[in-house]
Amino acid sequence: GAVVSQHPSWVICKSGTSVKIECRSLDFQATTMFWYRQFPKQSLMLMATSNEGSKATYEQGVEKDKFLINHASLTLSTLTVTSAHPEDSSFYICSARKTPSGAFREGSGGNYGYTFGSGTRLTVV
Amino acid sequence: QKEVEQNSGPLSVPEGAIASLNCTYSDRVSQSFFWYRQYSGKSPELIMSIYSNGDKEDGRFTAQLNKASQYVSLLIRDSQPSDSATYLCAVPKAAGNKLTFGGGTRVLVKP
């Protein structure tokens with residue numbers, strides 16, 4: 001279990017247009033999902049935390065009006081890159097974490113890691 | 001000091017040898033630690049998680065945790081060319097469970 005599906009896997013768009021990326025948890029409910037961006041030869045940088053039914057929480061330096069996040073259901077979060085520019089070209093990855101039901105103490109065991117979607121390669125021309 | 005630090009590598013190991021990867025973290029209250037493998041152009045995949053001090057083994061992988069030294073490592077035994085990838089150490093922040101990644105260590109296993 002704990003499968004996260006991300007779509008599309010790659011997209012090319014023109015400068016000034018908007019692109020929507022979808023992230024779905026297929027076999028579990030995720031009240032929280034995370035959006036990352038990765039530039040070539042760099043590590044993953046967290047952009048924002050997507051919260052079901054409430055506003056996303058953005059990391060410092062990430063423009064909330066440019067990167068719109070919607071988490072309308074327990075299995076779907078979307079990231080829309082608005083007015084895309086070539087510098088927005090990057091690898092965007094979503095993540096969710098399956099946690100066990102009932103009381104759970106961090107560090108108590110299990111292997112409840114964060115599962116990542118397959119990523120979306122965005123190229124803005 | 002970065003929150004999660006790793007040597008960038010590349011770490012070059014001959015096939016069949018042991019690859020040893022290190023990671024240090026700054027937050028003393030961190031409770032869980034994850035190792036991910038990322039192939040070029042792909043998203044990270046979870047290899048190991050570890051929560052308690054000591055060793056945890058899973059197949060050819062062994063994670064080692066020392067909370068007093070704020071140090072977590074990953075050993076890959078009998079390294080194979082297919083193990084060539086970037087290995088990412090990740091630690092959730094105490095608040096919000098946001099996963100923070102190290103810069104990653106690139107491993108090259110030579111036949």
Side-chain angles (χ1 to χ4, degrees), chain A residues 1-7 9-10 21 23 30-51 54 56-60 62 90-99 104-123, chain B residues 2-10 23 27-54 56-59 61 63 65 67 72 74 85-106:
Chain A
V3 178
V4 175
S5 173
Q6 188 172 342
H7 179 82
S9 56
W10 61 271
I21 302 170
C23 181
T31 55
T32 303
M33 292 185 179
F34 304 92
W35 286 96
Y36 292 83
R37 179 168 54 182
Q38 186 177 35
F39 292 107
K41 299 192 185 301
Q42 294 186 22
S43 191
L44 281 74
M45 294 300 296
L46 180 65
M47 298 176 66
T49 303
S50 174
N51 304 299
S54 64
T57 306
Y58 291 82
E59 295 299 301
Q60 190 173 7
V62 178
S90 187
F91 192 44
Y92 292 85
I93 314 172
C94 70
S95 171
R97 187 184 191 192
K98 181 179 181 180
T99 53
F104 175 69
R105 181 173 61 84
E106 188 72 66
S108 62
N111 197 27
Y112 298 101
Y114 296 69
T115 302
F116 287 82
S118 56
T120 298
R121 177 77 56 191
L122 170 63
T123 302
Chain B
K2 291 183 179 178
E3 294 178 85
V4 183
E5 292 202 64
Q6 298 178 251
N7 290 325
S8 61
C23 172
D27 190 347
R28 284 192 170 276
V29 301
S30 296
Q31 294 291 316
S32 52
F33 308 86
F34 302 93
W35 281 100
Y36 286 85
R37 177 175 61 197
Q38 185 177 27
Y39 292 111
S40 180
K42 303 293 185 182
S43 67
E45 54 180 323
L46 181 67
I47 299 176
M48 295 277 287
S49 61
I50 187 166
Y51 306 99
S52 304
N53 279 328
K56 179 181 178 183
E57 188 175 316
D58 185 357
F61 299 99
L65 175 61
K67 290 185 179 179
V72 57
L74 180 70
T86 296
Y87 290 80
L88 301 164
C89 173
V91 183
K93 286 187 178 180
N97 281 319
K98 294 185 285 189
L99 205 57
T100 301
F101 286 87
T105 298
R106 186 167 163 234

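In the text below, chain A, chain B and the rest are named by the order of the sequence lines, each starting its count at 1.
- Of the possible donor and acceptor atoms, one in the side chain of A:Ser43 sits under 3.5 Å from a partner among the backbone N and O of B:Gly102.
- Atom-to-atom distance recorded for A:Leu44:CG and B:Tyr36:OH is 10.0 Å, nearest 0.5 angstrom.
- Interface remark: A:Gln6 contributes no atoms to any contact with chain B (heavy atom separation under 4.5 Å).
- The neighbour count for B:Arg106 CZ, taken as heavy atoms of other residues, nucleotides or ligands under 6.0 Å away, does not exceed 12.
- Using a 4.5 Å cut-off between heavy atoms, B:Gln38 touches chain A through its side chain atoms alone.
- A donor-acceptor pair under 3.5 Å is absent between the side-chain atoms of B:Ser43 and the main chain of A:Gly119, judged by distance alone.
- Most heavy-atom pairs under 4.5 Å with chain A, from the set B:Gly103, B:Ala90, B:Ser40, B:Gly104: that is B:Gly103.
- Ranked by heavy-atom pairs shorter than 4.5 Å toward chain B, the options A:Lys41, A:Glu59, A:Gln42 are led by A:Glu59.
- Between B:Thr100 and A:Leu46 there is no side-chain heavy-atom pair separated by less than 4.5 Å.
- In terms of heavy-atom proximity, A:Phe91 sits nearest to B:Lys42 at CE2-O, 3.6 Å.
- Annotation: side chain of B:Leu99 is in contact with side chain of A:Phe116 (closest heavy-atom distance under 4.5 Å).
- A:Ile93 is listed as a side-chain neighbour of B:Pro44, based on a closest heavy-atom distance under 4.5 Å.
- When ring centroids are compared, A:Tyr114 and B:Phe33 stay outside the 6.0 Å threshold.
- If you take OG1 on A:Thr115 and CD on B:Glu45, they are separated by 11.0 Å, rounding to the nearest 0.5 Å.
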